[in-house]
Novice: 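Got a structure here, written out as structure tokens. Questions coming.
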Amino acid sequence: MANNLEKNYDPKGFEDRIYKMWEESGAFRGTRDPNKKPFTIVMPPPNITGQLHMGHALDHTLQDVLTRWKRMQGFDALWLPGSDHASIATEVKVADKIRTEEGKTKEEIGREEFLRRAWEWKATYGGMITDQCRKLGDSCDWERERFTMDEGCNRAVTEFFIRLYEKGLIYKGNRIINWCPSCGTSLSDAEVEHEDKNAKYYYIRYPGEDGGEGIVVATSRPETMFADVAIAVHPEDERYRHLVGKNVMLPLTGRAIPVITDSYPDRTKGTGAVKITPAHDPNDFEVGLRHGLEQPKCIDETAKMTALAGPYEGMDRYVCRKAWLSDLKEAGFVVKEEDMVIPLGGCYRCSDVIEPMLSEQWFVRMEELAKPAIEAAKNGDLSHVPERFEKIYLHWLEEIRDWCISRQLWWGHRIPAYYCKDCGEIIVAATAPTVCTTCSGSHIVQDEDVLDTWFSSGLWPFSTLGWPDNTEDLAYYYPTDVLVTGYDIIFFWVVRMVFSALEVMGEVPFHHVYVHGLVRDGEGRKMSKSLGNGVDPLEIIDQYGADALRFMLTTGISPGSDLRFTHDRLESCRNFANKLWNASRFVIMNLQDEDGEFLEIADISAGITQLALREEDKWMLAKANDAVSEITAHMDRYDLALAGQRVYELIWNEYCDWYIELVKPRLYGDDEVDKKVARAVLIKILSDMLAMLHPFMPYITEEIYGFLPNTDGMLIRADWPIYDKAADFPDAVEKMELAMAIIRSIRNIRAEADAGPSRKLRAVILPEAKKKAMLEPILGYVKHLGNLTEITVIEDKAEVPEEVMSAVVDGVEIFIPLDDLLDYPTEFARLKKEEARLEGDIQRLIGKLENPGFVGKAPEQVVAIERDKLAQNKETLEKIKERIVIVEKKL
RNA sequence: GGGGGCAUAGCUCAGUUGGUUAGAGCGCAUGCGUCACAAGCAUGAGGUCGCAGGUUCGAAUCCCGCUGUCCCCACCA
């Protein structure tokens, strides 16, 4: 009974089983092994709002490839998983759910009950996401799984908040913030997305209080006029000098406001005069502060007009704009309208237009925190791969303004600030105080707001390892090695982790930021819910297997660039898995007798080179050995795509296409000793290939590995292959390459002459004297793979048979007698084509070698190679020309 | 307004520090049911590497400019 792989490659038949085996064996677990070096990645926590999408699949596959590779290299590899509570996004989803299912608002349900529902949501979707990670093959340590609102993370958040507060880096203030009227909360600058929109400038006259012409001001937001408190002009602006210090009238309101001077107005923009609305514009706010102006609000938190708008009170901001403009026009105050493209801020969650608004919020003072984060990138403690992303990082930090961290939401970390109702004292503390520290009053209430989600995710690399406690995990695994994330999230998250970590840990949270791109659809569009062009990774896994998906996501792309998702590529990756499957099945089959018992295999424990290796063995070993160093070098540089590509070539083009074919006659032959050697090499190379492919295609490689003899344990724990100096066989490589070139040319002749594979052919070969010795040992390969009945080696041209097609390869002339099949026009065309190619090459080479600059300045080795090439080509051309003369006569 | 990416075969893309005849997958053409694999095998066609300069003995690769295209950032006078 054969003990082999299933006949057909069917990933469904083993992927789940293999994953369970890994997980139950504890292979994913970080053990803080003192004899190993740590390698740590913290998983960017997916939001609990939904399912994993293709972007996660990419992100996770890259992390898993790195983790598995390092684990095999002998590191104590820890990939720490978790999920993010995603304050605003989850709150919106849960509120929606309550509204559709029960027809109630969150206010009707109340804070406590709402939070209970949110936790229910977390229980459902959090579990879904981890199941999806398992399907992908994520080798993360599930026993260390964390959640941004678990007990430890909560403590970390509170501790961090208190520390910053006590250092004066967190303050509460009344300032202009980004307000999303739909979500009903403030947002940080990072959460606002700018987009150019077509809009209008309205030029509106503010008449002089004295009945004069007054001043014309351009604005795109006339509805904010009700909150105007002044008109500012530049102090050196001659046009308005006569008005400075006087009042102008706010049209239709009967309210007079002063004309003031300030450095802020730009004389070249608009009319050079700016209406000052401190409560609804950040620049105006600053101007207002400088001049001690009032800060009235005319738009409220729901984007409706306040009482200040008089008759327009209660109108939506845009309804009011329309009505107000119409009234202004009627009264003749609108001087001009101008079409304009204006960058408008939108909410990153709901796209509603952001209203800059004066509001009392909590802020993090950024200047001092940003400095060390900038420094870390500049001095190399933190590096971005690819490098260009460092610019985004630095730009964001250099331009950063204070970070608004309070959110008017319920789902999140509630701000650890308490107010004494008696004396107004603010107490920031880890636990709720019972009495006021100032007045001893007992009427104490906690701040209603929660913290920005990114405030807690900024702590992720160390909160997940135990901070603020001084845990063993933190000591062993921190700082982490690499953070893998998309470029779209650098300023949201990466910068915050860096400055948060530098502040409390005094060390960067990770040394490398490995940045990847976005997954796009077949047409190059971003995958999005609204376009409905998203592809569910689980469906793809179901269809093609996780390995094919992983391989597609990690190869054929360059680091940091977006990747287009196509079924074509997916299919070719699946085909590759299938190829490996069948090749492995073939190898395993040939290692066993009819009863499925393993046959004897040569012992390689003393080193593969101790065996009686044949030329093809040496060639294969040398090729695989080269691949080991190339692949490892690519991995070291995070060039996963190149590494994966090289494994592919090794497996398909070198092992399957050539080595297996070359070795077949030996497997079926009678030489028992030689058979054992062939088996040993087949297994050695196969297991090395499986190891190097394992990070990319963990399932299939593990499954195959389980069927190989002489392996104990699992591939996931196996050693990464290392370069072996002894496996460098230049002579054998040269011989085998000659054999391959000859075989190719014979196959070419066969194809050109329409001599199908079943047609038995013989060959006559005339080597140059110096190639003769090299030719002898490879004739067997040529005969076998050229599908020849016999090969005759001749020493003299006179022995060349009459009716032949011919080719010249590296100083070896090959003649194939074809008798009735010989078609001279075809042969003539073939030879002429070859002649033209050689002549072109020779011309180019002569040009190069006659250039004194090249000969004088290029490295000796390069010149020597070119010389050899020229000599070789000349000889080959000579021989081709001779053949042309002969064939021409036959035409 | 500021910054960045990309432009290579019909399509989607690789191409590490400049150095053989610029590669792959898919597609295309021809042949092949050969006992691991038709999700395969063999052979082949197909590219003046966006345009114009420069550096160099040598440029797809480095520099400058241009064109096209995509993206990011930017407090809406």
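Throughout, protein chains are lettered first and strands after them, A, B, ... in sequence-line order, and every chain is numbered starting at 1.
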Novice: Do you know the tightest heavy-atom contact between A:Pro386 and A:Val515?
Specialist: CD-O, 3.8 Å
Novice: Which base sits across from B:rG40 as a Watson-Crick or G-U pair, both distances under 3.5 Å?
Specialist: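 Its partner is B:rC32.
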Novice: Is a side-chain donor-acceptor pair under 3.5 Å present for A:Tyr9 with A:Asn575?
Specialist: no
Novice: For B:rC76 and A:His280 - does any side-chain N or O of the residue sit under 4.0 Å from the phosphate oxygens OP1/OP2?
Specialist: no
Novice: Expressed as a whole number of Å, how far does the C1' atom of B:rC70 sit from that of B:rC28?
Specialist: 30 Å
Novice: Tell me the closest heavy-atom pair linking A:Gly214 and A:Val248, and the distance in Å.
Specialist: CA-CG1, 4.2 Å
Novice: Considering Watson-Crick and G-U wobble pairs with both distances under 3.5 Å, what does B:rG46 pair with?
Specialist: none
Novice: NA contact type, A:Trp581, heavy-atom cut-off 4.0 Å: base, sugar-phosphate, or nothing?
Specialist: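 No contact.
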Novice: Is there, by distance only and without an angle test, a donor paired with an acceptor across the side chain of A:Asp281 and the base of B:rC75 below 3.5 Å?
Specialist: no
Novice: Evaluate whether atom CD of A:Glu734 has more than 12 neighbouring non-hydrogen atoms of other residues, nucleotides or ligands under 6.0 angstrom away.
Specialist: no
Novice: Whether the side chain of A:Glu193 and the base of B:rA74 hold a donor-acceptor pair under 3.5 Å is what I'd like checked.
Specialist: no
Novice: Would you mind reading off the distance between A:Lys664 atom NZ and B:rU34 atom C1', rounded to a whole angstrom?
Specialist: 8 Å
Novice: Please give the nucleotide sitting opposite B:rA14 as a Watson-Crick or G-U wobble pair, both distances under 3.5 Å, or none.
Specialist: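 Checking every strand shown, B:rA14 finds no partner, since no pair has both distances under 3.5 Å.
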Novice: Salt bridge check, A:Asp352 against A:Arg317: does any charged N sit closer than 4.0 Å to a carboxylate O?
Specialist: yes
Novice: In whole angstroms, how far is the C1' atom of B:rG25 from the CZ atom of A:Phe565?
Specialist: 15 Å
Novice: Under 4.0 Å, counting only non-hydrogen atoms across every strand here, what does A:Pro265 touch: a base, just sugar-phosphate, or nothing?
Specialist: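 The answer is base, as A:Pro265 lies within the cut-off (heavy atoms under 4.0 Å) of a base atom.
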Novice: Give me the distance, rounded to whole Å, that separates B:rG58 from B:rA39 when you measure between the C1' atoms they each carry.
Specialist: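 Going atom to atom, C1' in each nucleotide, I get 44 Å.
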Novice: CG of A:Asp868 versus C1' of B:rG19: gap in Å, rounded?
Specialist: 15 Å
Novice: Is there a donor and acceptor pair closer than 3.5 Å between the side chain of A:Arg637 and the base of B:rU16?
Specialist: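 Answer yes: a donor N or O sits under 3.5 Å from an acceptor.
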Novice: Could you state the atom-to-atom distance from CG of A:Asp284 to C1' of B:rC76 in whole Å?
Specialist: 11 Å
Novice: A:Lys7 side chain N/O closer than 4.0 Å to the phosphate oxygens (OP1, OP2) of B:rC37?
Specialist: yes
Novice: Nearest heavy atom decides the nucleotide; on that basis, is A:Asp754 or A:Ser220 closer to the 5' end of RNA chain B?
Specialist: A:Asp754
Novice: Over how many whole Å does the gap from A:Glu571 atom CD to B:rG27 atom P extend?
Specialist: 8 Å
Novice: Under 4.0 Å, counting only non-hydrogen atoms across every strand here, what does A:Glu661 touch: a base, just sugar-phosphate, or nothing?
Specialist: base
Novice: Rounding to an integer number of angstrom, what distance separates B:rG47 and B:rC11 when you compare their C1' atoms?
Specialist: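 Their C1' atoms lie roughly 14 Å apart.
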Novice: Looking only at side-chain N and O atoms, does A:Asn283 come under 4.0 Å of OP1 or OP2 in B:rC76?
Specialist: yes
Novice: Quote, to the nearest angstrom, the C1' distance that separates B:rA45 from B:rG3.
Specialist: 44 Å
Novice: Does a nitrogen or oxygen in the side chain of A:Lys391 sit under 4.0 Å from OP1 or OP2 of B:rG3?
Specialist: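 No, no such contact exists.
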Novice: On the nucleotide B:rG44, are OP1 or OP2 found under 4.0 Å from the side-chain N or O atoms that A:Asn748 carries?
Specialist: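 Result: yes.
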Novice: Could you tell me if A:Asn178 and A:Asp189 have a donor-acceptor pair between their side chains, going purely by distance under 3.5 Å?
Specialist: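 Side-chain D/A pair, A:Asp189 to A:Asn178: present.
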Novice: Hey, which of these two, A:Arg747 or A:Ala858, hits RNA chain B nearer its 5' end, going by closest nucleotide?
Specialist: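 It is A:Ala858, whose closest nucleotide lies nearer the 5' terminus.
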Novice: May I ask which nucleotide in the shown strands pairs with B:rA7, Watson-Crick or G-U wobble, both distances under 3.5 Å?
Specialist: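 Partner of B:rA7: B:rU67.
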Novice: So, OP1 or OP2 of B:rG5: does either fall under 4.0 Å of a side-chain N or O from A:Ser561?
Specialist: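 Looking at the OP1 and OP2 atoms of B:rG5, neither is under 4.0 Å from any side-chain N or O of A:Ser561.
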Novice: Between the side chains of A:Glu191 and A:Tyr348, does any donor sit under 3.5 Å from an acceptor?
Specialist: yes
Novice: I want to check one thing: is the phosphate of B:rC75, taken as OP1 and OP2, less than 4.0 Å away from some side-chain N or O of A:Arg401?
Specialist: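 So the side chain of A:Arg401 is within the cut-off, an N or O lying under 4.0 Å from OP1 or OP2 of B:rC75.
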Novice: Has A:Trp652 got a side-chain N or O lying under 4.0 Å from the OP1 or OP2 atom of B:rC41?
Specialist: yes
Novice: What is the separation between atom CG on A:Leu394 and atom C1' on B:rC73, rounded to the nearest whole Å?
Specialist: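 It is 14 Å, rounded to the nearest whole Å.
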Novice: Quick one: label A:Tyr648 by what it contacts on the DNA or RNA (base, sugar-phosphate, nothing), any heavy atom closer than 4.0 Å.
Specialist: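 The answer is sugar-phosphate, as A:Tyr648 gets under 4.0 Å only of primed atoms, P, OP1 or OP2.
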Novice: Please tell me if A:His194 has a side-chain N or O lying less than 4.0 Å from either OP1 or OP2 of B:rA74.
Specialist: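 Yes, such a contact exists.
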Novice: Given B:rG44, is OP1 or OP2 found less than 4.0 Å from the side-chain N or O atoms of A:Lys833?
Specialist: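 So the side chain of A:Lys833 is outside the cut-off, no N or O lying under 4.0 Å from OP1 or OP2 of B:rG44.
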Novice: Please determine if A:Arg867 and A:Glu860 form a salt bridge, counting it only when a charged side-chain N lies under 4.0 Å from a carboxylate O.
Specialist: no
Novice: Suppose we call two aromatic rings close when their centres sit under 6.0 Å apart. Are A:Phe576 and A:Phe696 close by that rule?
Specialist: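 Aromatic pair excluded; centres sit 6.0 Å or further apart.
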Novice: Paired with B:rG58 by Watson-Crick or G-U wobble geometry, both distances under 3.5 Å: which nucleotide is it?
Specialist: none
Novice: Assign A:Leu344 to base, sugar-phosphate, or nothing according to its heavy-atom contacts below 4.0 angstrom with the strands shown.
Specialist: base
Novice: If the C1' atom of B:rC51 is compared with that of B:rG15, how far apart are they to the nearest Å?
Specialist: 22 Å
Novice: Would you say B:rG40 has OP1 or OP2 under 4.0 Å from some side-chain N or O of A:Asn575?
Specialist: yes
Novice: Distance check needed: B:rC76 P versus A:Glu338 CD, whole Å only.
Specialist: 16 Å
Novice: It should be established whether A:Arg564 places a side-chain nitrogen or oxygen under 4.0 Å from OP1 or OP2 of nucleotide B:rC13.
Specialist: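 Result: yes.
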Novice: If you look at every strand shown and take non-hydrogen atoms under 4.0 Å, does A:Asn873 touch a base, only sugar-phosphate, or nothing?
Specialist: nothing
Novice: With respect to the phosphate group of B:rA36, does any side-chain polar atom (N or O) of A:Tyr668 fall under 4.0 Å of OP1 or OP2?
Specialist: yes
Novice: Between B:rG68 and B:rG10, how many Å separate the two P atoms, rounded to a whole number?
Specialist: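 23 Å, rounded to whole Å.
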Novice: A:Trp658 has an atom CH2; how far is it from atom C1' of B:rC37, in whole Å?
Specialist: 18 Å
Novice: Which part of the nucleic acid, if any, lies within reach of A:Asp657 when heavy atoms closer than 4.0 Å are counted: base, sugar-phosphate only, or nothing?
Specialist: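 A:Asp657: backbone/sugar contact only, no base atoms under 4.0 Å.
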Novice: Between B:rA39 and A:Arg574, counting only base atoms on the nucleotide and side-chain atoms on the residue, is there a donor-acceptor pair under 3.5 Å?
Specialist: yes
Novice: Over all strands shown, is A:Thr566 touching base, sugar-phosphate only, or nothing at heavy-atom distances under 4.0 angstrom?
Specialist: nothing
Novice: How far does the C1' atom of B:rC71 sit from the matching atom of B:rG25, given to the nearest Å?
Specialist: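 Result for the C1' pair: 27 Å, nearest Å.
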Novice: Counting any heavy atom closer than 4.0 Å, what does A:Leu563 reach on the DNA or RNA strands: base, sugar-phosphate only, or nothing?
Specialist: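 Since no nucleic acid heavy atom lies under 4.0 Å of A:Leu563, the category is nothing.
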Novice: Please find the pair of heavy atoms, one from A:Pro356 and one from A:Arg221, that lie closest to each other, and give the distance.
Specialist: CD-NH1, 3.6 Å
Novice: Under 3.5 Å for both donor-acceptor distances, Watson-Crick or wobble: does B:rA22 have a partner, and if so which one?
Specialist: none
Novice: Applying a 4.0 Å non-hydrogen cut-off, can you work out what A:Cys573 is touching in the nucleic acid: base, sugar-phosphate, or nothing?
Specialist: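 Touches nothing.
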Novice: Could you check whether A:Arg221 gets within reach of a base, just the sugar-phosphate, or nothing at all, counting any heavy atom under 4.0 Å?
Specialist: base
Novice: Can you tell me, in whole Å, how much space there is between the P of B:rA38 and that of B:rG33?
Specialist: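 It works out to 14 Å between them.
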Novice: Could you check whether A:Ile354 gets within reach of a base, just the sugar-phosphate, or nothing at all, counting any heavy atom under 4.0 Å?
Specialist: base
Novice: Between B:rC76, B:rA14, B:rC73, which nucleotide has the shortest distance from any of its atoms to the side chain of A:Pro343?
Specialist: B:rC76
